[in-house]
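One-based numbering, in listed order, for ligands and for the atoms of each. Numbering of residues begins at 1 and proceeds along the displayed sequence.
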Amino acid sequence: MSNKSGSINLEDLIYPLFVRVGKGVREEISSMPGVYKMSPDVLLEEIDDLVDLGIKKVLLFGVPNEKDRDGSASFGKDNIVSRAVQLIKKNISEITVMTDVCLCAYTTHGHCGIIKEKEKEYSIDIDKTLKTLSRIAVSHAEAGADYVAPSAMAEGQVKAIREALDKRGFAETKIMGYSAKFESNAYGPFRDVADSAPRIGEGRPYQLDYKDAAKAIGRINQDINEKADIVMVKPALWYLDIVKEAKDRFDFPLAVYNVSGEYSFVKQGARSNFWKEKEMVFEVLHSLKRAGADLIITYHAKDVAKWLE
Ligand code: PBG
Ligand code: ZN
């Protein structure tokens with residue numbers, strides 16, 4: 001391997017995985033070549049392979065087969081993420097399992113929280129949202145998740161989840177906050193996966209305005225105060241200034257999310273022979289490290305592990 005791969009360490013990569021209901025299912029996501037939705041049994045085999053490749057951390061997203069107004073398939077014993085986590089933890093010990101905690105894939109309206117509707121308007125009911133997010137987090141912790149990762153951008157979500165976990169005896173379960181999550185165009189391919197685009201209102205006003213760096217830094221600070229174990233900037237590549245500023249200001253574990261749009265961009269360009277995929281991926285990862293990322297959540301992780309073998 002060329003020295004360009006030098007400081008990229010598999011310990012620092014987090015590989016996102018999508019788990020759906022069913023058996024024997026491995027379904028490619030058309031907007032994200034090389035990324036699949038898998039049923040828990042297939043996911044287990046996949047994680048076995050990942051461990052062999054040296055991947056240490058995964059981030060699980062659930063793709064439920066039922067949605068309702070309040071996202072009730074997201075919590076409780078039988079939610080798809082908890083089922084997958086249980087299966088993984090029963091069979092494989094060498095992997096850190098992180099779970100996404102949000103409602104958008106589980107709600108018919110596609111928003112990340114519980115909403116109140118009034119005529120054609122809607123608003124997020126923050127109290128109900130925090131209660132439901134806490135319930136999801138506790139369910140995942142009961143199943144054995146090492147980290148829960150709230151991505152709903154609900155004010156106070158880290159604090160609410162921390163308190164709920166502690167109260168239920170899960171003081172050991174850690175929290176990775178999606179602290180500075182911008183309202184980005186780069187989530188497009190991901191929303192296809194879980195069919196999770198918002199269906200009422202304009203966009204996701206609870207996510208951050210990409211023009212507002214100060215607010216992003218404030219939200220990172222807030223998550224640290226609320227006792228997150230890891231904070232995050234998302235997306236990654238368009239936001240390297242935020243990453244650098246966060247790293248300079250806070251001496252705290254910092255993750256970046258190299259999101260679906262960033263991934264698809266690299267893949268499509270490689271398919272069109274605009275660049276070499278491997279070379280581009282290492283440039284991307286190094287730029288994120290250079291800016292100050294400790295951890296990189298990336299769909300490229302499996303390829304990187306193979307390239308580094
Ligand atoms: C929503 C969520 C999003 C992603 C993960 N969880 C974005 C959104 O729809 O707002 C994006 C991940 C990606 O694009 O790879 N809670
Ligand atoms: Zn969401």
Item to complete: Can you spot which of Tyr206, Tyr187, Tyr239, Tyr210 makes a ring-ring contact (aromatic ring centres under 6.0 Å, His included) with Phe182?
Response: Tyr239
Item to complete: Could you please spell out the steps behind the salt bridge (Lys or Arg N to Asp or Glu O under 4.0 Å) verdict for Arg26 and Glu45?
Response: CA-CA 11 Å; Arg26 185 181 175 91; Glu45 291 170 21; over 6 Å; no
Worksheet item: What about the rings of Tyr122 and His111, do their centers lie closer together than 6.0 Å?
Response: yes
Fill in: Contact check, Ser196 vs ligand 1, heavy-atom distance below 4.0 Å
no
Item to complete: Hey, can you tell me if Phe265 and Trp238 have their rings parallel, tilted or perpendicular (30° and 60° cut-offs)?
Response: perpendicular
Worksheet item: Any idea which protein heavy atom is nearest atom 4 (C) of ligand 1, and the distance to it?
Response: Lys234 NZ, 2.6 Å
Response to the item:
Rounded to the nearest 0.5 angstrom, the CG-CG distance for Leu50 and Leu17 is 6.0 Å
Item to complete: Could you establish whether Glu262 and ligand 1 come within less than 4.0 Å of each other, counting only heavy atoms on the residue side?
Response: no
Item to complete: Please confirm whether Lys181 comes under 4.0 Å of ligand 1, counting heavy atoms of the residue only.
Response: yes
Fill in: Protein contact to atom 10 (O) of ligand 1 [nearest heavy atom, distance to 0.1 Å]
Gln207 NE2, 2.7 Å
Discussion item. For atom 16 (N) of ligand 1, tell me which residue out of Ser151, Gly261, Pro235 has the closest non-hydrogen atom.
Written reply: Ser151
Response to the item:
One finds that the ligand 1 atoms under 4.0 Å from a non-hydrogen atom of Cys102 are 16 (N)
Worksheet item: For ligand 1, which atoms, with element, lie under 4.0 Å from some heavy atom of Cys104?
Response: 1 (C), 16 (N)
Discussion item. Using a 4.0 Å cut-off to any heavy atom of Tyr299, which atoms of ligand 1 qualify?
Written reply: 12 (C), 13 (C), 15 (O)
Item to complete: Give a yes or no on this: more than 12 heavy atoms of other residues, nucleotides or ligands lie within 6.0 Å of atom CZ of Arg83.
Response: yes
Worksheet item: Can you say whether the rings of Phe18 and Tyr299 are parallel (under 30°), tilted (30 to 60°) or perpendicular (over 60°)?
Response: parallel
Worksheet item: Closest approach of Asp294 and Lys289, non-hydrogen atoms and distance?
Response: O-NZ, 3.2 Å
Worksheet item: To the nearest 10°, how many degrees is the angle Cys104 SG to the Zn ion (ligand 2) to Cys112 SG?
Response: 110°
Discussion item. Need the ligand 1 atom indices (1-based, order shown) with element for anything under 4.0 Å from a heavy-atom of Tyr257.
Written reply: 12 (C), 15 (O)
Practice prompt. Classify the side-chain pair Ser72/Asp70 by whether it contains a donor and acceptor separated by less than 3.5 Å.
Written response: no
Response to the item:
min-distance protein heavy atom vs atom 12 (C) of ligand 1 -> Phe190 CD1, 3.4 Å
Fill in: Contacting atoms of ligand 1, where contact means under 4.0 angstrom from a heavy atom of Phe61
5 (C), 6 (N)
Practice prompt. Please indicate whether any nitrogen or oxygen in Arg191 is less than 3.5 Å from any nitrogen or oxygen in ligand 1.
Written response: yes
Worksheet item: Do Thr96 and Asp146 meet the criterion of a side-chain donor-acceptor pair at a distance under 3.5 Å?
Response: no
Worksheet entry | Which of the ligand 1 atoms, numbered from 1, are nearer than 4.0 Å to a heavy atom of Arg204 | 8 (C), 9 (O), 10 (O)
Worksheet entry | Contact check: Cys102 to the Zn ion (ligand 2), N/O/S below 2.8 Å | yes
Worksheet entry | Which atom of Val256 lies closest to which atom of Leu288, heavy atoms considered | CG2-CD1, 4.0 Å
Discussion item. Counting non-hydrogen protein atoms only, what is the nearest one to atom 14 (O) of ligand 1? Give residue, atom name and distance.
Written reply: Ser260 OG, 2.7 Å
